[in-house]
Asker: 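What follows is a structure written as structure tokens; I'll ask about it next.
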Amino acid sequence: MSDSLERLYQAVIAARDLDPATSRTARLFQRGSTKMAKKLAEEAIEVVIDAVNGKTDAVVRESADLLYNLTVLWASAGVKPEDVWREMERREDMLGIAEKLPKSAVKMPKVLESKALKSKALSSKAVAGRVLPKALPEATASPAVRRRIVALEGRSLRKRH
């Protein structure tokens, strides 16, 4: 997948200086990052609506549009795909592949924190000045560490056109 996004990124870079009358990419660059961000948000909302409504084919199509608009915004912001891959690798090293980096330091209960500091058996990493164990037993994971899963149920969303 990263090869596909790299090719898309290179195509976006090549198209940004084309004639805006004939190139959608050039037109987005001409209109600026605010317009790019708006298009990205619109596509993200369309993906969510189609997913909630169970329209798998539409999710695939809208996801391709979402990735295109994300790549255009990256190019405008001077971000390269390899910058994003590097950040993903950093996060995987820190928290594991399935984790999203927390906005603030994860707060551990004092009991667990003191055990983590004292125990050399736990493999740990420092995050924002705190020591976090690599894995906590299920029984000791606190509500602050484990996030609730929230699902949209029984809501029918429609796209605006």
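Computed from a predicted model, the values in this text were never measured in an experiment.
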Asker: How long is the span from the CG atom in N69 to the NZ atom in K35, to the nearest 0.5 Å?
Answerer: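 That separation rounds to 10.0 Å.
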
Asker: How many angstroms lie between atom CG of L28 and atom OH of Y68, to the nearest 0.5 angstrom?
Answerer: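 It is 5.0 Å, given to the nearest 0.5 Å.
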
Asker: Given R91 and E87, is the salt bridge (charged side-chain N to carboxylate O under 4.0 Å, His left out) satisfied, shown in steps?
Answerer: CA-CA 6 Å; R91 290 178 182 200; E87 174 63 12; 2.7 Å; yes

Asker: Using only atom types and a distance under 3.5 Å, with no angle test, would you say the side chain of N53 pairs donor to acceptor with the backbone of K55?
Answerer: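 Checking the backbone N and O of K55 against the side chain of N53, no donor-acceptor pair under 3.5 Å is found.
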
Asker: Ignoring hydrogens, what is the shortest heavy-atom contact between F29 and A75? Give both atom names and the distance.
Answerer: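 Nearest heavy atoms, F29 then A75: CZ-CB, 3.7 Å.
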
Asker: Ignoring hydrogens, what is the shortest heavy-atom contact between L18 and S23? Give both atom names and the distance.
Answerer: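 Reported closest heavy-atom pair: CB-CB, 3.9 Å.
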
Asker: Taking atom CD of E89 and atom CD of E82, what is their separation to the nearest 0.5 Å?
Answerer: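 It is 11.0 Å, given to the nearest 0.5 Å.
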
Asker: Just wondering, do R31 and K38 contact through their side chains at under 4.5 Å, heavy atoms?
Answerer: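 The answer is no, as the side chains (C-beta and beyond) never meet within the 4.5 Å cut-off.
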
Asker: What heavy-atom pair brings L66 and E43 nearest, and what distance separates the two atoms?
Answerer: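 Looking at all heavy atoms of both residues, the shortest contact is CA-CB, 3.8 Å.
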
Asker: Looking only at non-hydrogen atoms, find the nearest pair between A58 and D50 and report the distance.
Answerer: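 Shortest heavy-atom contact: CB-OD2, 3.3 Å.
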
Asker: How many angstroms lie between CG in L40 and CG in L67, if you round to the nearest 0.5 Å?
Answerer: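 One gets 9.5 Å once the value is rounded to the nearest 0.5 Å.
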
Asker: Distance from R61 atom CZ to T56 atom OG1, nearest 0.5 Å?
Answerer: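 Interatomic distance, R61 CZ to T56 OG1, rounded to 0.5 Å: 10.5 Å.
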
Asker: Does a side-chain N-to-carboxylate-O contact under 4.0 Å join R86 and D83?
Answerer: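 Counted as a salt bridge, because a side-chain N and a carboxylate O are separated by less than 4.0 Å.
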
Asker: If hydrophobic clusters are built from ILVMFWY residues whose side chains come within less than 4.5 Å, do V60 and V48 share one?
Answerer: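 No, no single cluster joins them.
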
Asker: Which heavy-atom pair separates V72 from T25 by the least distance, and what is that distance?
Answerer: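 That would be CG2-CG2, 4.5 Å.
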
Asker: Among V84, T71, L70, V79, find the one that has a side chain to side chain contact (heavy atoms under 4.5 Å, CB included) with Y9.
Answerer: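 Of V84, T71, L70, V79, side chain to side chain contact (heavy atoms under 4.5 Å, CB included) with Y9 is met by T71 alone.
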
Asker: Which atoms form the tightest heavy-atom contact between R27 and P20, and what is the distance?
Answerer: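 Distance-wise, the nearest heavy atoms are NH1-O, 2.5 Å.
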
